[in-house]
Amino acid sequence: MKNIALLGATGSIGCSTLEVVRNNPDKLRVRALTAGKNWQRLAEQALEFRPDLVAIADKDAYGELKNALSGSSVRVEAGDEAVLAAVEMQPLDAVVAAIVGSAGLRPVMAAIGKGLQICLANKETLVVGGSLVMQAVRRAGLDLLPVDSEHSAIFQCLQNCPADSVHKIIITASGGPFRSFSREQLADVTPEQALKHPNWDMGGKITIDSATLMNKGLEVIEAHWLFDKAYEDIEVVVHPQSIIHSLVEFSDGSVIAQLGWPDMKLPIQYALSWPQRWSPPLPPLDLVKIGSITFESPDPQKFACLAYAYEAGRAGGIMPCVLNAANEISVAAFLNRQIGFLEIPAIIRKTLDSFKNQEVTTVDQLLEVDAQAREIAAALITEGKH
Ligand SMILES: NC(=O)c1ccc[n+]([C@@H]2O[C@H](COP(=O)([O-])OP(=O)(O)OC[C@H]3O[C@@H](n4cnc5c(N)ncnc54)[C@H](OP(=O)(O)O)[C@@H]3O)[C@@H](O)[C@H]2O)c1
């Protein structure tokens, strides 16, 4: 029985993780659940899964959550520190990190500090703090298991392969809903259009990131840290059917790919079952039904976010943190209809240009840079200077 804490339980990955738990009651036991502000869903989940602790980041939601769980034995806490307390439960073997954005960095570092196995969905944590996270993971000798479908695919392709036999990583991208749009058409797209992903059902922020291709950019940086590959050895290929989740090219020219339906339950389950494989959470892949799969190059002119992510990743230091913060603020502003779709890369560009790079030494330094970059991006939006 593996005891888990699920951070970001109320989100898309959180709910899919609980489905995996529901299907494997003899293998997984939930000890703690956390959320941002959705106390109603968190209370429902707590009544079903009976964790020892639920923690909600929004302190204003404490009263209602506590009321909803009165009479149960579940301990209720609120605030950012309470989310951190979730990784201190006993007994605990693994943490599923499914908070969205840089808000996930401190909880992941706390989980590493506790020596727990980390099942990582929260890619922004590696984008923002990759060097510190990987140093801490190596120092503690822990397993950092990718949940992101592309990185799970690469991880699966790499099982039992010598590290020096890997020539190149090829990350697939669906291309998002606007793959075939012209730049003129992109200027007018609405949040509703951008939120309709052709293949995946995901949270709002990552769905917009998929439409701008920033999601792929964040994944390139994530792959750099997870698999210790240089940026020139990480390639992005658009594959609109999202059946091949990613590939690895080896030194002898062989290419190994992982295939599956576009559904997060399989990569989540693999992170939890690794190195074992459990019963399938989905119907078998039907190649004849899929019929054909295609590939094309991403268009950097139309989707500048991907190029900015490569640039920030190569620069290293604080630049990926700045990129991520500016992106989080711009995506929220687009969803609130404060800016247009093409202004997302414009604000990111200006925010990146307003920073001088620094070496990263501490998490506190990163959180300060994150806050400064958010302020700069927000000011650009308010002043309309983009
Ligand atoms: N969805 C996917 O298919 C997918 C695939 C690969 C990777 N990922 C990655 O997985 C992560 C989660 O994605 P998602 O799509 O599941 O996002 P989501 O649906 O927006 O869920 C985010 C979760 O984080 C919680 N949260 C938000 N802000 C928080 C804060 N400040 N403190 C504590 N908790 C907070 C939310 O709580 P409330 O709901 O209560 O506000 C929710 O539980 C992201 O990093 C994403 O890039 C997602």
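All ligand and atom numbering here is 1-based and tracks the order in the structure. Along the sequence shown, the residues carry numbers beginning at 1.
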So which protein heavy atom does atom 32 (N) of ligand 1 come closest to, and at what separation? Ala57 CB, 3.6 Å
Heavy-atom pairs closer than 4.0 Å: do any link ligand 1 to the side chain of Lys123, the backbone, both, or neither? both
One thing to verify: whether Arg75 and Glu77 come together as a salt bridge, which I'm taking to mean a side-chain N less than 4.0 angstrom from a carboxylate O. yes
Could you find the nearest protein heavy atom to atom 21 (O) of ligand 1 and give me its residue, atom name and distance? Gly11 CA, 3.1 Å
On a heavy-atom basis, I'd like to know which of Glu150, Glu124, Lys37 is closest to atom 44 (C) of ligand 1. Glu124
Heavy-atom proximity to atom 17 (O) of ligand 1, picking from Asp80, Val100, Asn215, points to Val100
Tell me, which protein residue and heavy-atom name are nearest atom 13 (O) of ligand 1, and how many Å apart are they? Ile13 CG1, 4.2 Å
Any chance the side chains of Asp370 and Ser102 put a donor and an acceptor closer than 3.5 Å? yes
Looking at non-hydrogen atoms alone, which of Pro107, Ala61, Gly36 comes nearest to atom 25 (C) of ligand 1? Gly36
Report, in ascending order of atom number, the atoms of ligand 1 lying under 4.0 Å from any heavy atom of Asn122. 45 (O)
Using side chain to side chain contact (heavy atoms under 4.5 Å, CB included) as the criterion, point out the one residue from Val96, Val137, Leu126, Leu145 that pairs with Leu120. Leu126
Nearest to atom 15 (O) of ligand 1 by heavy atom, Gly101, Gly203, Ala82: which? Gly203
Shortest non-hydrogen contact between Val166 and Lys229, atoms and distance: O-NZ, 2.9 Å
Atom 38 (P) of ligand 1 - nearest protein heavy atom and its distance: Thr10 OG1, 3.3 Å
Give the ring-plane orientation class for Phe341 versus Phe334, where under 30° counts as parallel, over 60° as perpendicular and anything between as tilted. perpendicular
Are any of the N/O atoms on Trp200, whether in the backbone or the side chain, positioned under 3.5 angstrom from an N/O atom of ligand 1? no
Check: Asn215/Glu219 side-chain N/O donor and acceptor closer than 3.5 Å: yes
Using the ring of each side chain (for Trp, its six-membered ring), is Trp200 parallel, tilted or perpendicular to His245, with breaks at 30° and 60°? tilted
Salt-bridge test for Glu150 and Lys216: reply yes if a basic N is under 4.0 Å from a carboxylate O, no otherwise. yes
Protein residue, atom and distance nearest to atom 9 (C) of ligand 1, heavy-atom basis: Ala121 O, 3.1 Å
Audit row: Lys59, Glu81, salt bridge (Lys or Arg N to Asp or Glu O under 4.0 Å) steps and yes/no: CA-CA 11 Å; Lys59 286 188 173 164; Glu81 298 308 312; over 6 Å; no
Only heavy atoms of Ala9, strictly under 4.0 Å: list the atoms of ligand 1 that pass. 43 (O)
Which residue from Gly8, Pro267, Ser102, Ser12 reaches closest to atom 1 (N) of ligand 1 through any of its heavy atoms? Ser12
Run down the list Ala98, Ala55, Ala103 and name the one with the heavy atom closest to atom 31 (N) of ligand 1. Ala103
Nearest non-hydrogen contact with atom 11 (C) of ligand 1 belongs to which option: Ile99, Leu33, Ile206, Leu7? Ile99
Looking at ligand 1, does Lys205 have a heavy atom less than 4.0 Å from it? no
Residue-ligand contact Gly204/ligand 1, heavy atom below 4.0 Å: no
With salt bridge (Lys or Arg N to Asp or Glu O under 4.0 Å) as the criterion, how do Asp148 and Lys123 come out once you've worked through the C-alpha distance, each side chain's angles and the decisive distance to 0.1 Å? CA-CA 8 Å; Asp148 221 347; Lys123 64 191 84 185; 3.0 Å; yes
Report the part of Ser149 in contact with ligand 1, treating N, CA, C, O as backbone and CB onward as side chain, heavy atoms under 4.0 Å; options are side chain, backbone, both, neither. neither
Between the side chains of Arg349 and Glu343, is the shortest nitrogen-to-carboxylate-oxygen separation below 4.0 Å, so that they form an ion pair? no
Pick, from Thr17, Asp148, Leu42, the option with the minimum heavy-atom distance to atom 7 (C) of ligand 1. Asp148
Donor + acceptor pair across side chains of Asn3, Arg31 (<3.5 Å): yes
Do NZ/NE/NH1/NH2 and the carboxylate oxygens of Lys205 and Glu124 come within less than 4.0 Å? yes
Ranked by distance from atom 40 (O) of ligand 1, the top protein heavy atom is Asn38 N, 2.7 Å
